[in-house]
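Step one of this worksheet: look at the structure below.
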Amino acid sequence: MDSNPSSKKQDMKKTMKQSMLLCCKLFISESRNTAALESVERSARLNPETVVVNKFEDRAYNRVRYTMVSYVTHDNTGNAVYSPLQQTVIAMVEAAYEAINLEHHSGAHPRLGVVDHISFHPLARASLDEAAWLAKLVASDLGNRLQVPVFLYEAAHPTGKALDTIRRELGYYRPNSMGQWVGWALPEILPEMPDMGPSQVSRARGIALIGASPWFATYNVPVMSTDLCAARRIARMVSERGGGLPRVQTLGLVHGEESTEIACMLLDPNRVGADRVQSQVEMLAAQEGLDVEKGYFTDLSPEMSVETYMRLVNGNEVNMVR
């Protein structure tokens with residue numbers, strides 16, 4: 001047992017620093033190209049102070065999400081000045097742009113770009129302001145250095161504009177090929193100026209939405225039917241927008257050859273959780289004469305994300321993605 005007071009003090013400082021944690025969820029429009037994902041994951045391993053705590057990929061959606069956690073440090077006045085997440089996220093984004101061409105993409109899940117969505121969230125003792133600070137730094141890198149149009153949302157946006165509002169304005173929810181999203185569907189000159197970057201779009205890269213918000217949960221419920229119209233009716237009635245559950249957003253999507261799925265974003269999972277969503281989907285599906293399966297979360301909880309990060313860092317293990 002180490003009884004060195006200096007060593008104990010360093011360990012305590014390390015623990016305190018690690019308790020100021022930020023999370024990034026990086027959504028990339030690809031899950032079928034193994035070589036492309038390997039390239040992105042090699043970039044994720046470059047900085048051992050960022051931990052990939054979870055990876056979720058769906059071949060039908062042709063989409064992958066990496067959940068990363070790292071610390072944030074502050075200056076003497078308490079302002080956030082550095083997080084290893086910034087360098088890691090940009091390295092992964094650059095690798096994605098080099099390996100993936102949106103014009104060759106097709107999938108059942110909507111998307112607006114190769115790097116479709118980047119969300120930042122405070123964990124442990126960190127604040128939403130710190131998550132917004134990091135979101136804007138990453139947005140500046142994408143917009144100014146990589147020349148990709150970026151739209152900011154929620155805490156990173158000057159007026160707190162909602163993610164689904166921006167998506168709706170940009171046509172995110174309208175498939176362009178029989179229930180699939182294929183290639184680039186918007187004009188190459190955007191109808192409105194992005195918050196960062198050019199108004200002209202590279203068809204190979206598309207655009208990116210970047211924001212900061214409290215933690216959201218993603219929960220998907222399989223519907224044992226290929227009736228996409230029925231799935232969309234159910235999804236709408238479950239959502240807050242359709243008069244359903246508060247702080248719940250949904251999509252009815254094709255999921256494989258024999259089923260559809262109600263993909264749900266729970267914006268306040270402590271208020272409306274998966275059990276209520278599951279019950280509502282089951283009730284509405286029964287009215288359509290359809291069966292559903294038990295839904296599933298696509299990510300860890302905030303508590304599990306922190307626990308995984310601490311375990312890997314303190315055990316001197318690095319990124320979970322191998």
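Not measured: the values here are computed from a predicted model. All values below were derived from every heavy atom in this structure, side-chain atoms included, with hydrogens, water molecules and symmetry-related copies excluded.
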TODO: State, to 0.1 Å, how close N62 and G107 come at their nearest heavy-atom pair, and which atoms those are.
DONE: CB-CA, 4.1 Å
- [ ] Flag the pair R65 / H117 as yes when at least one side-chain heavy-atom distance between them is below 4.5 Å, and no otherwise.
- [x] no
Open item on the list: Rounded to the nearest 0.5 Å, what separates atom CD1 in I262 from atom CG in N220?
Closed with: 9.5 Å
Task: Neighbour count >12 (heavy atoms, 6.0 Å) for atom CD, E192 - done: yes
Task: Exercise: identify the closest heavy-atom pair between E154 and A212 - done: CB-O, 3.3 Å
- [ ] Please confirm whether the backbone N or O of E288 pairs with a side-chain atom of R233, one donor and one acceptor, at under 3.5 Å?
- [x] no
Open item on the list: If you define the side chain from C-beta out and look only at heavy atoms, does anything of V272 sit under 4.5 Å from L266?
Closed with: no
Task: Heavy-atom donor-acceptor pair, E30 side chain to N101 backbone, under 3.5 Å - done: no
Open item on the list: To the closest 0.5 Å, what do you measure between CG (L163) and CG (L152)?
Closed with: 11.5 Å
Task: Salt bridge present between R145 and E94 (N-O < 4.0 angstrom) - done: yes
TODO: Go through the steps for W181 and L253 under the test side-chain contact (heavy atoms from CB on, under 4.5 Å), then give the verdict.
DONE: CA-CA 11 Å; W181 280 259; L253 301 172; 4.0 Å; yes
Open item on the list: Using modelled atom types and a 3.5 Å cut-off, is there a donor and acceptor pairing between side-chain atoms of Q278 and backbone atoms of G295?
Closed with: yes
- [ ] Please step through side-chain contact (heavy atoms from CB on, under 4.5 Å) for the pair V281 and Y219, ending with a clear verdict.
- [x] CA-CA 12 Å; V281 172; Y219 183 78; over 6 Å; no
Task: Sub-4.5 Å side-chain heavy-atom contact between H255 and Y61 - done: yes
Open item on the list: What's the separation between atom CD1 in I118 and atom CD1 in I90, rounded to the nearest 0.5 Å?
Closed with: 6.5 Å
- [ ] To the nearest 0.5 Å, tell me how far D268 CG sits from L245 CG.
- [x] 12.0 Å
Task: Note, W133 side chain near V72 side chain (heavy atom, < 4.5 Å) - done: yes
Open item on the list: Quick one, Q86 and S83 - any side-chain contact, counting heavy atoms below 4.5 Å?
Closed with: no
Task: Full working for side-chain contact (heavy atoms from CB on, under 4.5 Å) between S119 and F27 - done: CA-CA 9 Å; S119 62; F27 296 82; 4.2 Å; yes
Task: Verify same cluster id: Y82, Y309 (apolar side-chain graph, 4.5 Å) - done: yes
Task: Distance (rounded to the nearest 0.5 Å) between I166 CD1 and L112 CG - done: 10.5 Å
Open item on the list: If hydrophobic clusters are built from ILVMFWY residues whose side chains come within less than 4.5 Å, do L228 and V238 share one?
Closed with: no
Task: Ring centroid separation F216 to H121 under 6.0 Å - done: yes
Open item on the list: So if I apply the side chain to side chain contact (heavy atoms under 4.5 Å, CB included) rule between L26 and each of V138, D116, V115, which one comes out positive?
Closed with: V115
Open item on the list: Return the OG to CG distance between S70 and N47, rounded to the nearest 0.5 Å.
Closed with: 7.0 Å
Open item on the list: Between V201 and L190, does the side-chain contact (heavy atoms from CB on, under 4.5 Å) criterion hold? Intermediate values first, please.
Closed with: CA-CA 7 Å; V201 186; L190 292 170; 3.5 Å; yes
Open item on the list: Is the shortest side-chain heavy-atom distance between D141 and V93 below 4.5 Å?
Closed with: no
TODO: Could you label the plane-to-plane angle of the Y172 and H109 rings as parallel, tilted or perpendicular, counting under 30° as parallel and over 60° as perpendicular?
DONE: perpendicular
Open item on the list: Under 4.5 Å between side-chain heavy atoms, counting indirect links through other Ile/Leu/Val/Met/Phe/Trp/Tyr residues: same cluster for F151 and M193 or not?
Closed with: no
Task: S239 side chain vs R236 backbone, donor-acceptor pair below 3.5 Å - done: yes
- [ ] Could you tell me whether the side chain of Q280 reaches within less than 4.5 Å of the side chain of V277, counting heavy atoms only?
- [x] no
Open item on the list: Is a donor from one side chain sitting under 3.5 angstrom from an acceptor on the other, for D129 and S127?
Closed with: no
Task: Exam field: side chain S29 to backbone G113, donor-acceptor pair closer than 3.5 Å - done: yes
TODO: Determine yes or no for a side-chain-to-main-chain donor-acceptor pair under 3.5 angstrom, with N176 supplying the side chain and V182 the backbone.
DONE: yes
- [ ] Determine whether M265 and V223 fall in the same hydrophobic cluster, where Ile, Leu, Val, Met, Phe, Trp and Tyr are linked whenever their side-chain heavy atoms lie under 4.5 Å apart.
- [x] no
Open item on the list: A side-chain contact here means heavy atoms from C-beta on lying under 4.5 Å apart; do N79 and H74 qualify?
Closed with: no
Open item on the list: Quick one: does any side-chain atom of S301 pair with a main-chain N or O of M304 as donor and acceptor, under 3.5 Å?
Closed with: yes
